[in-house]
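Following: one structure in structure tokens, then a few remarks.
Just follow the structure's listing: the first ligand is 1, and inside any ligand the first atom is 1. The residues of the chain are indexed from 1 along the displayed sequence. Just so you know, these numbers use all the heavy atoms, side chains as well, and skip hydrogens, waters and symmetry mates.
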Amino acid sequence: MARGARRSAWTAAACASVVLALCAWARGTLDAPWIAASVAALALGGVVGGLFRTRIRAAPEASAHARHSVAEALLANIPDPVILVDRRAVVIEVNPAARALLPALKLRHPLSFALRAPDVLDGIEEVLRTGAPLKTLYATRVPTERAFEVQIGALPMPDGPAGGQPNVVLFLRDLTSARRLEAMRVDFVANASHELRTPLASLLGFIETLQGPARNDAPARERFLAIMKTQAHRMTRLIDDLLSLSRIELREHVPPTKPVDLARIAREMVETQSPLARERGVEVTFEADGVHPMPGERDELLRVVENLVENAVKYGGRGGRVAVSVARLVELPPRRARIVLAVRDEGPGIAPEHIPRLTERFYRVDVASSRDQGGTGLGLAIVKHIVNRHRGRLVIESAPGAGTTVRVSFPEFVMEPGNAAETAGR
Ligand code: ADP
């Protein structure tokens, strides 16, 4: 079309000058002005043709430029690393995610300078040879262990400078968190089975003893039955905790919206637990400075208070005191009020290396002591998930010999126009 338009302009100009010359010849006036007019027409034709040429040549350049910026913007917004190399595995283009992962990546430098992964480099060769895409793995150890799935594919470049030779594009997908989750799942199943198998093995042992050697030994039977009851209770508690954990996890992404009074919930739980604590020689006190509404699920918050008070009583030691309080705290900034529940004990405290791991499932500082106290190792994991669901924060402050304070804080309930009616109806 570009050439056609240019040709038509030239043809029109030539025809115009021929017509003018013919007219002049027919009139017998082929003189200087006529010759000038013919030349001007030719020149005009040239200019118009030139303009068309420029316009039509500029159009693909502009659209190629636009396409290039769109491609760049697209690349920049892909969160996973993307690298484009030519058929000699020299880097042509990379996106910011690739630069962040491989700071040594440089344009026009061989990819192998930055990515020392024989599987990936072999993969590029194979893709160029066969034309079929393939997937391989790339793992880093420094600064942290990470694993990526690398998808390698040929990118046909029909208009490219290398005469239609394809480039190769590499997409890296981070598998690190998926692998970590998988490892956690495997660990969790192994831990849960182990926790269940221990009391189960003890139950089976006692059943066999009662059927065999202790068949007619009444005092031994009484003793064994009491132990069997404790073990069966332990299994029930474990199953209950596992079920609550999975129920809470299922709802973790849906925060509660209705207001509940945390002070009232905490007082209720302290009253329920006080007789048990007294039996263990522990005094539990409660303090709250008024009503403290927060968006919450009553049953879940009761579990939070129950687990924290139970731990403080269990690990705080006989003759100790446990102080439970609920207060309103205004943060500066952003001047938003939070409702804070604190449970403090005067026990032996926890060494700092354990503190970050206490909310992991089945993590205990002292496994035997936790089991003796009827612990499942899931209490703080449950607390953490409930706190997450309530968009709260959990902080454990402790030092050996200095007791432990566990603080959970939640955003205060704020009356929105949308939930005013709902609240009024409660
Ligand atoms: P458990 O069922 O074993 O109590 P948790 O998840 O509630 O499980 O607690 C995990 C571990 O944290 C406990 O086994 C214990 O070692 C430690 N722990 C929790 N609370 C306290 C506390 N108040 N004082 C000392 N250690 C504590």
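- Between the side chains of Q273 and R278, no donor-acceptor pair of N or O atoms lies under 3.5 Å.
- The pair E397-R344 fails the salt-bridge criterion, with no side-chain N (NZ, NE, NH1 or NH2) lying under 4.0 Å from an Asp/Glu carboxylate O.
- For ligand 1, the polar-atom distance check finds no N/O of A381 at less than 3.5 Å from any of the ligand's N/O atoms.
- Considering V365, D241, N311 only, the shortest heavy-atom separation from atom 16 (O) of ligand 1 involves V365.
- For atom 3 (O) of ligand 1, the nearest protein heavy atom (residue, atom name, distance) is S370 OG, 2.6 Å.
- E195 and R371 are joined by a salt bridge, as a carboxylate oxygen and a charged side-chain nitrogen come within less than 4.0 angstrom of each other.
- Considering both main-chain and side-chain atoms, L380 comes within under 3.5 Å of ligand 1 through a nitrogen or oxygen pair.
- For atom 15 (C) of ligand 1, the closest non-hydrogen atom on the protein side is Y315 CZ, 3.7 Å.
- One finds no salt bridge joining R328 and D289 here, because no Lys/Arg side-chain nitrogen approaches an Asp/Glu carboxylate oxygen to under 4.0 Å.
- Interface atoms of ligand 1 facing I350, defined by a heavy-atom separation under 4.0 Å, are 25 (C), 26 (N), 27 (C).
- In terms of the ring-ring contact (aromatic ring centres under 6.0 Å, His included) criterion, F171 has no residue partners (sequence neighbours excluded).
- At a heavy-atom cutoff of 4.0 Å, ligand 1 is contacted by no atom of H354, backbone or side chain.
- Taking every non-hydrogen atom of K314 and a distance limit under 4.0 Å, the qualifying atoms of ligand 1 come out as 1 (P), 2 (O), 4 (O).
- Considering backbone and side-chain atoms together, G349 places no N or O closer than 3.5 Å to any N or O of ligand 1.
- To the nearest 0.5 Å, atoms CG (L121) and CG (L115) are separated by 6.5 Å.
- Checked by distance only, ligand 1 and Y363 stay at 3.5 Å or farther apart across all their nitrogen or oxygen atoms.
- Scanning the protein for heavy atoms near atom 23 (N) of ligand 1, the closest one is D345 OD2, 2.8 Å.
- Proximity of Y315 to D345: side-chain heavy atoms (C-beta onward) are nowhere separated by under 4.5 Å.
- Atom 12 (O) of ligand 1 has its closest protein heavy atom at L358 CD2, 3.4 Å.
- Salt-bridge check for E149 with R173: passed, with a basic side-chain N closer than 4.0 Å to an acidic carboxylate O.
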>> The test is side chain to side chain contact (heavy atoms under 4.5 Å, CB included); show your working for T285 and V324 and say whether it passes.
In response: CA-CA 6 Å; T285 60; V324 181; over 6 Å; no

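- Aromatic ring orientation, F410 versus H390: perpendicular (interplanar angle above 60°, classes split at 30° and 60°).
- Note on ligand 1: G377 sits in its first shell, one or more heavy atoms being nearer than 4.0 Å.
- Taking all heavy atoms of T376, V383, I396 into account, the minimum distance to atom 2 (O) of ligand 1 is reached by T376.
- Among all protein heavy atoms, the one lying closest to atom 14 (O) of ligand 1 is R364 CG, 3.1 Å.
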